[in-house]
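One structure below.
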Amino acid sequence: MIFLDAAATGPVRREAIEAMWPYLTGEFGNPSSHHGLGESAAAALRQAREGVGAVLGVLPGEIIFTAGGTEADNLAVKGIALARRAADPARRRVLVSAVEHPAVLESADYLARFHGFRVDIIPVDADGLVDPEVFASMLATSEPTALSSDVAVASVMYANNEVGTVQPVRQLAALARAAGVPFHTDAVQAAGWLPLDVKDLGVDALSISGHKIGAPKGVGALYLRSRVAAEPVVHGGGQERGSRSGTENVAFAVALATALELAEAHRAGAAERVAALRETFIAEVLDRVPGALLTGHRVQRLPSIASFCFPGTSGESVLLELERRSVICSSGSACAAGSDEASPVLTAMGLGTEVAQTAVRFSFPRDVTGEELSQAADAVVGSVAALGMLQPD
Ligand code: PLP
């Protein structure tokens, strides 16, 4: 099997399992307990927080462990918007890009439906990019007489999960800061591939997820700048400094820190190597499959994602043909898998629904080889041919 669906998930790294094992067994304490077992768990949690903070270049106290990327996104978008408006009732607007993950889009929609926010969708161009000028104009208040922006939070992802386009996050964050608007970025797909130095990015909040980088599913983290307030989404015993209640998942936090540190240590080398393989794969598919259309930005894209439309096919049938040839990938994002609906990401980029329904995403694990991608390219040619779209070469 050639697994090219790494943007959906991946296996847990052995190092992460070994690091978390003691906290699932002998060292099983509750970090809030005032005895040796609890203190040992609290120490492990502290160390994990320091580890994640160090990779992001932030204070450990600015890291909130969550049950995944979805929860981190929810806390950022809902939590910051609600806290900001509580402090300043004029802040009634939320800006999110058209290509965000549902975790961000649905959080914004919830704010509109239950809290009366106005949600403005930041458009993207044909490559999936947000235009900083358009963003700047949307940050400006809708009431020209007001002194400050009426936006409570803006959220634009670092890298897209379907087409891999990398947004100009530094520029967007600087514009938001100048307008006094808290800026969140979903870095779930960027982690392990792109620099995560928060000070350099200039963002106020950033989400990551464990299972995309070799930690288990069901753990993630939100970086929240110390001066930015967020109303909790999960209420209870006040863990995570009141930001996220619930007995901390010490073992998974340890696994997340271990996986993130390892991903960061090998990031530059992996990104360069895999980007070169991606280029060869893209060139081969475009060359050998007439009509194949690369989606996403040609160069400003994740090293790990090559996404295409194969007009005249259906994405789902290409997937089945590929799986028969032992190549595992997906038609857009895993969230939309199984549905034959056109991806909102692709339609936001201006593709017609018919073409968007033919999308196939190949996303590469860090250890992918050139040999595997060459076999995968053959399988793509064979699959599209089997569907009657071209003669095999
Ligand atoms: N954001 C992006 C860009 C993603 O790709 C994903 C997962 O596919 C998520 C958020 C959600 O993360 P999780 O699966 O940890 O909830």
Side-chain angles (χ1 to χ4, degrees), residues 3-12 16 52 63-79 96-110 122 124 128-130 155-167 169 184-194 196 201 203 205-223 233-234 244 246 249 252-253 255-257 259-260 263 295-296 301-305 307 329-339 343-346 348-349 359 361-365:
F3 181 74
L4 302 182
D5 199 15
T9 197
V12 181
V52 174
I63 301 299
I64 302 162
F65 287 114
T66 66
T70 297
E71 193 194 318
D73 284 347
N74 271 258
L75 178 55
V77 176
K78 295 179 191 169
V96 291
S97 93
V99 293
E100 294 303 305
H101 188 272
V104 166
L105 290 176
E106 293 298 318
S107 292
D109 185 55
Y110 162 83
I122 312 159
V124 295
L129 278 176
V130 167
S155 183
V156 179
M157 71 205 318
Y158 196 172
N160 183 264
N161 47 305
E162 291 187 37
V163 296
T165 296
V166 177
Q167 300 290 351
V169 168
H184 165 253
T185 195
D186 174 336
V188 166
Q189 293 293 342
W193 295 111
L194 303 176
L196 286 185
L201 291 172
V203 299
L206 177 145
S207 307
I208 58 169
S209 166
H211 70 111
K212 315 288 185 179
I213 54 171
K217 295 164 186 61
V219 66
L222 177 70
Y223 153 73
V233 170
V234 180
R244 198 273 184 180
N249 193 337
F252 278 25
L256 177 67
L260 185 65
T295 55
R301 66 189 300 135
L302 281 175
S304 51
I305 291 189
S307 50
C329 54
S330 77
S331 61
S333 72
C335 320
S339 79
S343 145
V345 169
L346 297 177
M349 289 163 55
R361 174 189 72 183
F362 302 88
S363 53
F364 313 137

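Read the numbers this way: they start at 1 and go in the same order the structure lists the ligands and their atoms.
- At least one heavy atom of K212 lies less than 4.0 angstrom from ligand 1.
- The backbone N or O of M157 sits less than 3.5 Å from a side-chain atom of E100, completing a donor-acceptor pair.
- Judged by distance alone, with hydrogens and angles left aside, the side-chain atoms of K212 form a donor-acceptor pair with the main-chain N or O of A7 at under 3.5 Å.
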Can you list the steps and then say if Q189 with H101 is a side-chain contact (heavy atoms from CB on, under 4.5 Å)? CA-CA 10 Å; Q189 293 293 342; H101 188 272; over 6 Å; no
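- Residue-level proximity to ligand 1 for M157 is carried by the side chain, the only part with a heavy atom below 4.0 angstrom.
- Close contacts between ligand 1 and D73 involve ligand atoms 1 (N), 10 (C) [criterion: under 4.0 Å to a heavy atom].
- Polar contact check, A159 against ligand 1: no nitrogen or oxygen pair lies under 3.5 Å apart.
- Taking each of I208, D186, V219 in turn, the one with a heavy atom nearest to atom 1 (N) of ligand 1 proves to be D186.
- At least one donor-acceptor pair under 3.5 Å links the side chain of R301 to the backbone N or O of T295.
- Although no hydrogens or angles enter the test, the distance criterion places a donor-acceptor pair under 3.5 Å between the side chain of S363 and the main chain of A6.
- The part of H211 lying near ligand 1 is the side chain, judged by heavy-atom distances below 4.0 Å.
- Contact atoms of ligand 1 toward T70: 11 (C), 12 (O), 13 (P), 16 (O) (distance under 4.0 Å to a heavy atom of the residue).
- Contact atoms of ligand 1 toward G68: 15 (O) (distance under 4.0 Å to a heavy atom of the residue).
- For N74, the side-chain hydrogen bond (donor to acceptor under 3.5 Å, both in side chains) test picks out K78, S107, with sequence neighbours left out.
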